[in-house]
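Below: one structure, written as structure tokens.
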Amino acid sequence: MAAAVALEPWVQVAPRRRRSAAARRPRRREAEAGGREAEPEADSGVVLRRLREAQEDLLVSDFWSAALETISQCLTKQLGQLEAPGGTLSDALGNLHLTSPDEWDVAPHPNPGEALVRGACHIKCVCYGIGSFATCVTARTQLAFLLLFLEKCQIPRSHCWVYDPLFSQLEIAVLHSLGVTVLPENEEGKRSVCGQPTVFYMPHCGTALYNNLLWSNWSVEALSKMVIIGNSFKGLEERLLTRILQKNYPYVAKILEGLEELELPQIPQYTDTFNDTSVHWFPAQKLEQLSRDVWAFREEPEYQDCEDLEIIRKTTTDPTADLHSLQCTSPTDVF
């Protein structure tokens, strides 16, 4: 794990401030829900067993095959636009193996923590705000989806970085045992891809976190190497007043004309877990058509007038305060 961190090619931008409320993930309401709270964490063996069960449930669902197909379409298009010096399109896609649905039943399933690699896979993955998966069903299902995605797309788990301020020591230990890297500090989404094709997995995160991520990669070169799996940007545009979107989340507002979005399928079994979730990628051709004024604006985001922020730290009253990402929607959503 230490070696994986040492080789990390990304550049972290200095963190600051807070996180947003608009079109965010469903919130856990302990107070309004009759006072019931999540049960105490089980041991790591129980947590891993529940994760395996969540993966098995996903694999046999209609949602999984349809969702993976949607993500694969975006990844293939996104990678296809990247230049392959001295090579062809097949060279650009050569390091990513997207297993077809017909192959899934016959492909061997590796042991937990074993990365599936065919060649030197160069794609990175970062996950923000997945929540307390040891005690929350929604968070656990989202983590199970992430692990299956890494497996089916042959992305080594050592190429995956995760962070949530809610993670307990048990959950951190479980994540280490799974082979992913837990980021030690809150980056508030301010991570540059630094030239590496990167998938950001951010289901139901606050709008400010997406805004920070865009700011940290505000160029045609960087954005064209990104795929974001998270809240629908189209949905944000529909739900927020234009002036609020432009004032509070200017990078989200400015990028709406420069992206392609595919909605994940809506299946009743996973409505609460993946509602309003889409896959976004940024075609270089669209980005290049945006005005120069769009790219000239590079001010670091501030959220003075935004309430109910997550992950992004408050700096106005208590510089150490963190509004943690909350995941469960009701007491029936926890074990």
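Side-chain contact between Val199 and Lys124 is absent, with no heavy atoms from C-beta onward closer than 4.5 Å. With contacts defined as side-chain heavy-atom distances shorter than 4.5 Å, the pair Ile172/His176 qualifies. The side-chain heavy atoms of Pro265 and Asp62, taken from C-beta on, include no pair separated by under 4.5 Å. For the pair Tyr270 and Leu264, the minimum side-chain heavy-atom distance is 4.5 Å or more. The shortest distance between side-chain heavy atoms of Glu261 and Ser232 falls below 4.5 Å. Looking only at side-chain heavy atoms (C-beta outward), Val126 and Tyr128 come within less than 4.5 Å of each other. Between Leu146 and Cys125 the shortest side-chain heavy-atom distance falls below 4.5 Å. With a 4.5 Å cut-off on side-chain heavy atoms, Lys254 and Gln246 do not count as touching.
Formation of a donor-acceptor pair under 3.5 Å by the Trp218 side chain with backbone atoms of Val294 is found in this model. Trp215 places a side-chain N or O within donor-acceptor distance of the main-chain N or O of Arg298, the cut-off being under 3.5 Å. For Ser72 (side chain) and Thr70 (main-chain N/O), no donor-acceptor pair under 3.5 Å exists by modelled atom type. The backbone N or O of Asn275 sits less than 3.5 Å from a side-chain atom of Thr277, completing a donor-acceptor pair. Gln142 places a side-chain N or O within 3.5 Å of a backbone atom of Thr273 that can act as its donor or acceptor partner. Side-chain atoms of Ser132 do not come within 3.5 Å of backbone N or O of Thr135 as any donor-acceptor pair. When atom types are taken as modelled, the side chain of Asn211 and the backbone of Pro301 share no donor-acceptor pair closer than 3.5 angstrom.
Taking hydrophobic clusters as Ile, Leu, Val, Met, Phe, Trp and Tyr residues chained together by side-chain heavy-atom distances below 4.5 Å, Leu170 does not share a cluster with Val46. No continuous path of ILVMFWY side-chain contacts below 4.5 Å connects Ile244 to Leu256, so the two sit in separate hydrophobic clusters. Using a 4.5 Å cut-off between side-chain heavy atoms of Ile, Leu, Val, Met, Phe, Trp and Tyr, with links allowed through other members, Leu68 and Leu59 fall into the same hydrophobic cluster. Both Leu213 and Val220 belong to a common hydrophobic cluster when Ile, Leu, Val, Met, Phe, Trp and Tyr are linked at side-chain heavy-atom distances under 4.5 angstrom. In the hydrophobic clustering of this structure, Leu262 does not group with Phe63; members are Ile, Leu, Val, Met, Phe, Trp, Tyr whose side-chain heavy atoms approach within less than 4.5 Å, directly or through other members.
Of all non-hydrogen atoms in Ala139 and Ile130, the two that sit nearest each other are CB-O, 3.1 Å. The minimum heavy-atom distance between Pro197 and Leu79, with the atom names listed, is CB-CD2, 4.1 Å. Nearest heavy atoms, Gln81 versus Ser224: NE2-O, 2.9 Å. Glu171 approaches Ala134 most closely through the heavy-atom pair OE2-N, 2.8 Å. The two residues Ala222 and Val193 come nearest to each other via the heavy atoms O-CG2, 3.9 Å. Nearest heavy atoms, Leu259 versus Lys286: O-NZ, 3.4 Å.
Rounding to the nearest 0.5 Å gives a distance of 5.5 Å between CG of Leu150 and CD1 of Ile155. With rounding to the nearest 0.5 angstrom, the CG atom of Leu245 is 13.0 Å from the NZ atom of Lys247. A distance of 10.5 Å separates CG of Leu223 from CD of Gln78, quoted to the nearest 0.5 Å. The structure places SG of Cys127 at 7.0 Å from CG of Leu143, a figure rounded to the nearest 0.5 Å. Taking CD of Gln55 as the start and CZ of Arg50 as the end, the distance is 15.0 Å to the nearest 0.5 Å. How far CG of Asn231 is from CG of Leu209: 10.0 Å, rounded to the nearest 0.5 Å.
A salt bridge is defined here as a Lys NZ or Arg NE, NH1 or NH2 lying under 4.0 Å from an Asp or Glu carboxylate O, and Lys234 with Glu238 fails to meet this definition. For the pair Arg140 and Asp57, the salt-bridge criterion is not met [side-chain N within less than 4.0 Å of a carboxylate O]. A salt bridge does not link Lys77 with Glu260: every distance from a Lys NZ or Arg NE/NH1/NH2 to an Asp or Glu carboxylate oxygen is 4.0 Å or more.
Residue Glu221 qualifies as open at atom CD: its count of foreign heavy atoms under 6.0 Å is 12 or below. Around atom CD of Glu257, no more than 12 heavy atoms belonging to other residues, nucleotides or ligands sit under 6.0 Å away.
Ring planes of Phe233 and Tyr210: perpendicular class, angle over 60° (limits at 30 and 60°). The aromatic rings of Phe133 and Phe167 sit perpendicular, their planes meeting at an angle over 60°, well past the 30° parallel limit. Using bins of under 30°, 30° to 60° and over 60° for the plane-to-plane angle, the ring pair Phe145/Tyr201 lands in the parallel bin.
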Assess whether side-chain contact (heavy atoms from CB on, under 4.5 Å) is satisfied between Val162 and Thr181, documenting all intermediate values. CA-CA 6 Å; Val162 298; Thr181 301; over 6 Å; no
Would Ser216 and Arg191 satisfy side-chain contact (heavy atoms from CB on, under 4.5 Å), going step by step from the backbone distance to the final call? CA-CA 6 Å; Ser216 299; Arg191 179 173 281 270; 5.9 Å; no
Step by step, work out the side-chain contact (heavy atoms from CB on, under 4.5 Å) result for Val227 and Phe282. CA-CA 7 Å; Val227 170; Phe282 307 88; over 6 Å; no
From CA spacing to verdict: side-chain hydrogen bond (donor to acceptor under 3.5 Å, both in side chains), Asp276, His204: CA-CA 8 Å; Asp276 193 44; His204 295 154; over 6 Å; no
Go through Tyr303 and Asn212 one step at a time and tell me if the side-chain hydrogen bond (donor to acceptor under 3.5 Å, both in side chains) criterion holds. CA-CA 11 Å; Tyr303 305 102; Asn212 280 2; 2.6 Å; yes
Assess the residue pair Leu214 and Tyr249 against the criterion (side-chain contact (heavy atoms from CB on, under 4.5 Å)); give the C-alpha distance rounded to whole Å, side-chain angles, the decisive distance to 0.1 Å, and a yes or no. CA-CA 10 Å; Leu214 293 171; Tyr249 315 109; over 6 Å; no
I'd like to know whether Glu185 forms a side-chain hydrogen bond (donor to acceptor under 3.5 Å, both in side chains) with Tyr163, so could you lay out the CA-CA distance, the side-chain angles of the two residues, the decisive distance to 0.1 Å, and finally the verdict. CA-CA 8 Å; Glu185 297 180 357; Tyr163 179 80; over 6 Å; no
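In this structure, a donor-acceptor pair under 3.5 Å is absent between the side chains of Glu263 and Ser278. Gln266 and Thr271 are not linked by any side-chain donor-acceptor pair at a separation below 3.5 angstrom, with hydrogens and angles left out of the test.
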